[in-house]
Each structure stands twice: as structure tokens, then as C-alpha cells.
Amino acid sequence: MIFETHAHYDDEQFDVDREDLLARLPKENIETVINVGASFAGAKNSFALAHKYPYIYAAVGVHPSNIEDLSEETMEELRTMAKDKKTVAIGEIGLDYYWDKEADVQAAQREWFRRQLALAKEVALPVIIHSRDAAADTLEIMKEAHAMDVPGVIHCYSYSPEIAKEYVKMGYYIGVGGVVTFKNGRKLKETVEQIPLNRILLETDAPYMTPEPFRGMRNDSTYIPYVIETIAKVKEITQDEVMITTR
Ligand code: NI
């Protein structure tokens, strides 16, 4: 059985068949799904999905590109949702300097990242970290927040094997999805090769990041076996071992 740690089934791309698809997941060997909020509305929708399906759990948080959603009021609502038993993580939170280049916007991202890390610590939940083109600042903030006390995953990991090993040393997990199957996914394959299997979590980031040979199509958790196949090949182990250890 597969543990899917990162999907966005609240995305509008699933409006046409959401109920059919989610109902089918257990038959497709998907045991557990964490639906991750990327905006404040996404956090609320993740929470609603988690309360509708026994095998779906919620992560509540606001993505760095959506920090305009955050205020003292919405932070308070995140806190309330975070205390619910079907909420298992704060996320996705972090820094994205790829989409936002202005210094003041990046400073605001860092501020809300710190605030949401503090919330995770307060409610004793792990974090799901999104970090793009911001390796040094992400690592620095996670160290200063005493991130060793706030466990979690670096989702859709895109940096070097060296930085991955540093995160693993800090106690973090590395989220691996469709990118590992891409022809230009060599760096992630090297990371997978160099970190222990029990520090890897399987994820899709659905509807995005569909593995080869379906790259470009809408992604969902039923494509995770292609990710498992690639990890098994890279680490020269069986697919069962990948599925069981990451679970
Ligand atoms: Ni995501």
C-alpha cells in the first residue's frame, strides 16, 4: 500500500471527476493521502476533504506565493484547523524566489514562513516545506527556528545531494515525486542515490509533476508506481522495498 504525502485534490483541475477519482484510490493501492493546502482557501478545502474521506488527511498552511492570504485572522483559523485530529501537518510553507523577485516580497515571505513554523511548533505538527530558488535562506530560517524540534519534509526536492544530506542530518525527510522520472531529473536521481531510503517520502504534487511517460498530463496518486519504479532502479532494490520503507 502506498502513502501519498502531497496532493492538491482541491485543485480545479479535479472539478470534473474528483469524487470518482478519490473513491477509486483505495482500489488502486493508495492507502493514505495528505491533501496539502497551498492557499488559505486550499487549506480550508483540504480540511473539508479530510473530513469527507477516512483515508485523506489535511495539511493546512499557505504557500509563499500566496502570502497575501495571511493576516492575524487567517492565522487564527489555521490554528483552529491545525488542532483538529485529521490535520497532520502545517504546509505547504516556505520560500519561492523563482516567482517573486522583489526584495520586499521576499522579506514578507520570510516573515510568514517564520510565523507558520512557529505555529507548527506550537501545535506540535510536522511541516511540509516548499522551497524554490531559495536554498540558503530556507536552510537558515529552519535552523534558527530550531527546526530540529519541528520535523517534516522538504517537498518536491530540487536542490543538490549535498544540501539534501544536510536536511537529512537535521532530521528531515526528502519528498520525491515525478521529477525523478524526468530525462532532466539527473540531480534528483543523484540525491535519491545518496540519501537513505527511510528518509524518502513519496509524493505527486498532483495535479502537477506527472511522471514519465505521462509528463504533461494531469497527475494523480495512481501514477506513484512510476516514481517507485525509478527509485528502485536508482537504488538497485525491489519496488516492494521502496513502497514499504517509504510508507
Ligand atoms: Ni504542492
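Remember, it's 1-based here, ligands and their atoms both numbered in the order they're listed. What you see is a predicted model; the values in this text were computed from it and never measured.
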Given Val176 and Leu201, is the side chain to side chain contact (heavy atoms under 4.5 Å, CB included) satisfied, shown in steps? CA-CA 6 Å; Val176 176; Leu201 298 183; over 6 Å; no
When you look at Tyr226 and Phe214, which way does the ring-ring contact (aromatic ring centres under 6.0 Å, His included) test go after all the steps? CA-CA 10 Å; Tyr226 295 95; Phe214 301 103; 5.4 Å; yes
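Among the atoms of Cys156, no N, O or S atom falls under 2.8 Å of the Ni ion (ligand 1). Residue side and main chain included, His6 places an N/O/S atom under 2.8 Å of the Ni ion (ligand 1).
Looking only at N/O/S atoms, Asp205 comes nearest to the Ni ion (ligand 1) through OD1. For Glu92, the N/O/S atom at the shortest distance from the Ni ion (ligand 1) is named OE2.
A side-chain N or O of His6 and one of Glu92 form a donor-acceptor pair less than 3.5 Å apart.
The aromatic rings of His130 and His155 lie tilted to each other, with the angle between the two planes from 30° to 60°.
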